[in-house]
Number of protein chains: 2
Amino acid sequence: MQDVADAAGVSVGTVSNVLNHPAKVSPATAERVREAIGRLGFVRNDAARSLVSGSTNSVGMVLADIENSLFIDMAHGAQDAARAVGQNLLLANTACDMRLQDDYLDLFDESRVTGVLLAPMEDSSSGIARIRSHGRQVVLLNYAPKPGTCCSVLVNNEHVGYLAARHLIDTGRTRLGYVVAHDDYQPVRDRRRGVRAAVEEAGPGVTLEEIDSVGLTAAHGHAVGRDLARRAPGDLPDGLIVVTDALANAIIHELHILAGVRVPEQVAIVGCENNRGAGTSAVPLTAVDMPGRMMGQEAIRLLMDEVASGKQHRHATVVLEPELIVRASAPR
Amino acid sequence: MQDVADAAGVSVGTVSNVLNHPAKVSPATAERVREAIGRLGFVRNDAARSLVSGSTNSVGMVLADIENSLFIDMAHGAQDAARAVGQNLLLANTACDMRLQDDYLDLFDESRVTGVLLAPMEDSSSGIARIRSHGRQVVLLNYAPKPGTCCSVLVNNEHVGYLAARHLIDTGRTRLGYVVAHDDYQPVRDRRRGVRAAVEEAGPGVTLEEIDSVGLTAAHGHAVGRDLARRAPGDLPDGLIVVTDALANAIIHELHILAGVRVPEQVAIVGCENNRGAGTSAVPLTAVDMPGRMMGQEAIRLLMDEVASGKQHRHATVVLEPELIVRASAPR
DNA sequence: GACGCGTCTTGAAGCGCTCCAAAGTCTAGC
DNA sequence: GCTAGACTTTGGAGCGCTTCAAGACGCGTC
């Protein structure tokens with residue numbers, strides 16, 4: 001910066017002003033300084049800037065699973081909203097590894113980001129508490145915080161389950177199956193409650209069987225699908241609520257393509273996330289849509305709110321409603 | 001830091017040593033300092049650290065399209081490799097917006113990251129030149145740089161096209177179609193060359209028709225699929241090479257599911273990226289696999305190499321070979 | 001007891017920037 | 001010609017840390 005100042009025949013203070021408060025500098029001087037900056041290839045040092053200002057204009061976003069398009073949608077929404085308020089969004093993927101998650105939380109903490117958006121797959125209260133205790137703001141996505149610990153943006157996951165089950169019941173299915181795994185993951189727990197509520201509401205004519213999958217990936221879905229295909233026809237549920245799309249697609253594949261169990265005629269299937277690709281799978285998937293983009297936007301809004309209002313901030317939870325998207329795997 | 005020093009009854013220099021050179025400090029003192037750090041909730045300021053050291057231990061990765069699982073794979077591979085050498089990986093998504101890409105390149109430049117990994121969808125020489133001229137190291141992914149400007153990790157995209165076409169020819173298809181769009185995107189251009197080479201090699205018994213799609217998304221694929229479905233049966237290619245998986249899946253859907261044109265019996269289809277989900281679509285997709293993870297790893301290796309060897313570094317290009325994955329849409 | 005030699009610890013310089021009080025410059029008005 | 005007031009520019013303090021020369025301390029040796 002001193003070099004630039006010398007080259008332009010001004011002081012460093014003026015160079016700084018050209019960069020940060022152009023109105024304070026006369027047009028002629030500013031032009032000279034800018035020319036020198038260009039000629040010398042000067043890049044201001046962000047570390048020094050934020051050392052002085054005590055903050056940055058970046059928001060850190062820690063994502064548990066970048067493979068899942070829901071998380072990608074959240075990142076998209078957050079990015080749009082962040083840029084609208086002059087913040088950059090930095091992404092970090094933990095691949096469901098809590099150690100990595102803690103590392104990234106600390107990294108963002110140490111780099112004094114404006115705030116952190118966290119979309120975890122497990123309870124993360126300790127990490128949140130740690131960086132919050134340093135004054136770092138956190139907004140939790142798709143995972144309810146311990147009451148009063150931070151802001152959060154959730155989807156009404158109970159209603160996700162309810163909508164899925166209700167749709168099957170409304171279209172005449174009476175022997176429902178709920179394929180589920182990873183029951184310690186909070187959104188999954190919530191969905192189950194919704195499924196049960198819909199079944200109870202329907203009365204004794206509708207039954208519910210819970211079918212355990214070992215995990216949430218496609219491979220697990222194939223295993224479940226094969227098991228189901230082996231059942232006697234009368235023993236098969238006529239409607240399946242599947243807790244994730246990846247699982248649902250794999251089950252459809254085993255049932256419909258490989259085993260000849262027709263979807264939706266024999267078994268109607270509803271997925272719970274409406275991931276990218278849900279519409280182009282073997283049988284386009286009826287699914288409950290999670291509004292990922294909007295979640296990201298809301299999260300940034302809450303974060304900037306908290307940053308702006310300082311001490312008198314009150315934590316808020318925004319709950320967005322899911323929406324059923326009807327496709328061929330469980331038609332109207 | 002001064003507070004910690006006071007609390008532990010030592011000087012700031014000692015606190016710094018506890019954090020960075022524990023061997024220099026007696027165990028008893030170190031313990032006292034650590035206790036004070038914990039009690040006071042001290043978080044060291046990364047900005048000040050990197051201001052002094054002139055560098056960080058983060059690598060920035062700028063991705064053109066986080067929706068495409070190839071990019072996600074690259075991020076995964078890079079993350080693993082980066083952590084193995086003590087670097088954090090920060091992700092940024094440009095959503096194919098060159099202005100955003102430039103902003104993120106500058107952001108990483110200003111924050112003095114160890115280096116930048118860039119996976120663009122357009123020629124980015126000006127951005128690369130800009131930050132390289134400031135001494136920032138860049139490795140380009142899946143896009144050949146101007147000769148001699150930086151290191152890069154590529155896939156032999158010509159061979160991608162060749163493998164796809166060759167497989168169809170080897171399995172007896174004679175009227176090939178190549179569905180393509182976005183021909184200014186370098187990898188796409190390369191693939192076409194490979195397709196043509198395979199067809200020429202096969203001699204006059206094999207014909208090639210190039211079918212223009214307007215874009216690379218699923219919606220474009222549906223349009224192409226509908227057009228094809230309307231053709232007289234004899235007019236339809238019996239083998240289709242499709243430049244991306246998303247496009248291929250949409251075409252399969254239109255042809256096989258909606259129009260009753262059987263895949264692979266009437267038309268065999270090969271995709272070119274082997275994205276996530278290629279195996280679970282309506283008809284599991286035969287596709288040429290891009291080794292995304294390994295690309296990410298190699299990129300970090302090249303970057304750290306360049307950082308370590310300084311002046312005497314010579315740019316290198318690593319070209320990885322693709323591999324054909326045979327599935328139902330174009331069986332053996 | 002003086003000395004030398006490790007081992008620990010200290011304190012200050014300086015990284016590159018922003019901010020601000022103070023100084024400098026210019027114009028208009030009397 | 002002098003001055004008030006507006007506009008520009010300057011130069012130095014200080015952000016929080018690392019590093020390093022120099023000082024303090026302990027201990028064995030002559």
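All chains are named by letter (A, B, ...) in the order of the sequence lines, taking the proteins before the strands, and each is independently numbered beginning at 1.
Of the candidate nucleotides dT9(D), dT18(D), dT10(C), dT18(D) has the atom lying nearest to any side-chain atom of Arg44(B). Nearest nucleotide to the side chain of Val10(B), out of dT10(C), dT9(D), dC17(D): dT10(C). Nearest nucleotide to the Ser11(A) side chain, out of dT9(C), dT9(D), dT10(D): dT10(D).
Shown here for Ser11(B) and Ala5(B), the closest heavy-atom pair between the two residues is C-CB, 3.6 Å. For the residue pair Val155(B) and Asn142(B), the shortest heavy atom distance occurs at N-OD1, 4.3 Å. Considering every non-hydrogen atom in both Leu302(B) and Ser152(B), the closest pair reads CD1-O, 3.6 Å. Scanning both residues, Ser124(A) and Gln101(A), for their nearest heavy atoms gives OG-NE2, 2.8 Å.
Following rounding to the nearest Å, Asp3(A) (CG) and dC17(C) (P) show an atom-to-atom distance of 10 Å. Distance Leu19(B) CG to dC17(D) P: 9 Å, rounded to the nearest Å. Separating the CD atom of Gln2(B) from the P atom of dA12(C) is a distance of 11 Å, rounded to the nearest angstrom. Rounded to whole Å, the distance from CD on Glu110(B) to C1' on dG16(C) is 13 Å. Nucleotide dG14(C) holds its P atom 14 Å from the CG atom of Leu51(B), rounded to whole Å. Protein atom CG of Leu40(A) is 14 Å distant from nucleotide atom P of dG16(C), rounded to whole Å. Atom CG of Asn45(A) and atom P of dC15(C) are 12 Å apart (whole Å). For Asp46(A) and dC17(C), the CG to C1' distance is 11 Å, given to the nearest whole Å.
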Please write out the pairs of protein N or O atoms and N or O atoms of nucleotides 19-26 of chain C separated by less than 3.5 Å, giving the distance to one decimal.
unit_1	atom_1	unit_2	atom_2	d
dC19(C)	OP2	His21(A)	NE2	2.9

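With respect to the salt-bridge test (charged N to carboxylate O, under 4.0 angstrom), the residues Asp102(B) and Arg130(B) qualify. Using a 4.0 Å cut-off between charged nitrogen and carboxylate oxygen, Arg136(A) and Asp109(A) count as a salt-bridge pair.
Close to dT18(C), at under 4.0 Å from its OP1 or OP2, lies a side-chain N or O of Arg49(A).
More than 12 non-hydrogen atoms from other residues, nucleotides or ligands lie less than 6.0 angstrom from CE of Met98(A).
Heavy atoms of Ser50(B) sit nowhere under 4.0 angstrom from any nucleic acid atom.
Looking at which nucleotide of DNA chain C each of Ser26(B) and Ala48(B) is closest to, the 5′-most match is held by Ser26(B).
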